[in-house]
Amino acid sequence: MPELPEVETVRRTLAPAVGATIASAWDSGKPLHMRRKPPRARLHALVGGKIAGLRRHGKYLLIDIAHRGVEPTTLIVHLGMTGRLLVCPHAAPRAPHTHVVLGLGARDLRFVDPRRFGQVDVVATAAERSHAALAQLGPDALVDGVDGDALFARSRGKEATLKAFVLDQSVLAGVGNIYASEALWRAQLRPSTRARRLTRAQAGQLAAAIEEVLRNALDHNGTSLRDFVDAGGAEGTNADYLWVYGREGEPCPRCKTRIRRVVHQGRATFYCPTCQRA
DNA sequence: ATCACGACCTGGAGGC
DNA sequence: TGCCTCCAGGTCGTGA
């Protein structure tokens with residue numbers, strides 16, 4: 001579910017929680033991503049701390065915790081496919097698949113994730129760059145922008161398809177399966193084309209397309225196909241504005257050819273066979 | 001080293 | 001109604 005625009009939407013809607021003091025910590029004990037359980041001891045060590053800021057890198061949300069007399073700490077959250085980060089009343093019943101709850105007085109910050117592909121970890125802020133999840137991430141597509149020349153350089157010699165290239169978080173952090181199809185359609189590039197075939201000019205078009213697609217999605221508070229909601233539980237409206245994703249058989253918005261669906265590396269890819277020629 | 005694939009999970013949708 | 005299969009916004013370890 002959550003790609004960069006969705007995670008950024010969560011970050012923005014979480015803003016009212018900044019300044020709140022963590023009064024309690026709870027976790028389900030159930031394993032999440034890579035069968036790793038939430039770090040119970042480190043979550044409990046957050047109690048007494050204050051939410052000092054909210055950052056994001058790619059699809060990772062970084063919640064900074066300030067704690068008097070303790071080095072600054074960061075709660076790292078990845079929503080996986082079905083994860084939600086919700087602010088709700090402390091008294092609200094706990095939804096099924098709730099895995100982490102930080103009590104903030106009258107409210108709770110809750111991590112809910114049915115498929116348990118999400119991640120929750122706690123690290124010293126000073127050491128976050130060496131955290132396994134963050135160490136390999138490329139520049140953030142929104143904060144750092146997308147540099148066509150950098151994309152061109154990274155694509156040299158690559159046999160991987162453009163679809164895989166755009167999804168590679170070490171090249172660029174934030175693009176997922178929906179926006180990969182959308183950006184390649186926008187740039188009129190075929191998903192199955194080898195990355196090494198990209199020209200410098202095409203790399204520039206791809207960079208611009210990625211930025212446009214992500215910004216548009218963010219303007220609509222993200223794409224809610226099934227699970228995605230913001231921190232207040234509201235869905236995004238970007239699903240109404242998708243050009244090709246999920247639109248197999250529908251006319252291409254540019255040339256009216258029927259949109260095709262193929263599977264690359266086990267993931268659905270949507271494209272127009274007529275106007276995505278390169 | 002690079003690349004494609006399967007595994008990790010649950011739930012919803014659709015066919016029978 | 002129930003059961004079955006297929007599908008899903010991500011990431012990682014494996015083996016070719």
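Every chain is numbered from 1 and lettered A, B, ... according to where its sequence line falls, protein lines coming before strand lines.
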With rounding to whole Å, what would you report as the distance between B:dG12 and C:dT11 at their C1' atoms?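 It comes out at 23 Å once rounded to the nearest Å.
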Can you tell me, in whole Å, how much space there is between the P of C:dC7 and that of B:dC5?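 To the nearest whole Å, 15 Å.
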Going by an N to O cut-off under 4.0 Å, is there a salt bridge joining [X] and [Y]?
X	Y	result
A:Asp121	A:Arg42	yes
A:Arg258	A:Glu250	no
A:Arg215	A:Glu212	no
A:Arg200	A:Asp149	yes

Output yes when a side-chain donor or acceptor of A:Arg196 lies under 3.5 Å from a complementary backbone atom of A:Lys158, and no otherwise.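 Here the side-chain-to-backbone pair does not exist.
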Do [X] and [Y] come close enough that some side-chain heavy atom pair is under 4.5 Å?
X	Y	result
A:Leu142	A:Leu218	yes
A:Thr269	A:Val263	no
A:Asn221	A:Asp230	no

Round to the nearest Å and state the distance from A:Asn177 atom CG to C:dC7 atom P. 14 Å
Could you tell me how far apart A:Arg115 (CZ) and C:dC6 (P) are, to the nearest whole angstrom?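 Atom CZ in A:Arg115 sits about 15 Å away from atom P in C:dC6.
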Taking the six-membered ring of [Y] as reference, does the cationic atom of [X] (NZ for Lys, CZ for Arg) lie under 6.0 Å from its centre and within 45° of its axis?
X	Y	answer
A:Arg56	A:Tyr60	no
A:Arg247	A:Trp185	no
A:Arg94	A:Trp26	yes

If you round to the nearest 0.5 Å, how far is CG of A:Leu4 from CG of A:Asp140? 5.0 Å
Base-pairing string, 5' to 3', of DNA chain B - Watson-Crick or wobble, under 3.5 Å, | interstrand: .|||||||.|||||||
What do you reckon, is [atom1] of [X] surrounded by more than 12 foreign heavy atoms closer than 6.0 Å?
X	atom1	answer
A:Arg156	CZ	yes
A:Arg197	CZ	no
A:Glu159	CD	yes

Can you tell me if [X] and [Y] form a side-chain donor-acceptor pair at under 3.5 Å?
X	Y	result
A:Asp113	A:His99	no
A:Tyr179	A:Thr223	yes
A:Thr74	A:Asp64	yes

Any residue of residues 141-154 of chain A with a heavy atom less than 4.0 Å from an atom of DNA chain B: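 Residues of residues 141-154 of chain A that come under 4.0 Å of DNA chain B do not exist, since none gets that close.
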Kindly state which residues belonging to residues 179-197 of chain A come within less than 4.0 angstrom of DNA chain B, counting heavy atoms of the residue only, listed by number.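 Going residue by residue through residues 179-197 of chain A, the ones with a heavy atom under 4.0 Å of DNA chain B turn out to be A:Arg194.
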Min and max contacting nt of DNA chain B in 5' to 3' order, chain A heavy atoms within under 4.0 angstrom, are B:dC3 to B:dG11
Applying a 4.0 Å non-hydrogen cut-off, can you work out what A:Arg226 is touching in the nucleic acid: base, sugar-phosphate, or nothing? base
Which residues in residues 240-254 of chain A have a heavy atom closer than 4.0 Å to any atom of DNA chain C?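 Listed by number, they are A:Tyr245.
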Sequence-aligned protein contact record of nucleotides 11-16 of chain C, with B where the base is within under 4.0 Å of a protein heavy atom and S where only the sugar-phosphate is: BSS---
Judged by each residue's nearest nucleotide on DNA chain B, which is more toward the 5′ side, A:His264 or A:Pro31? A:His264
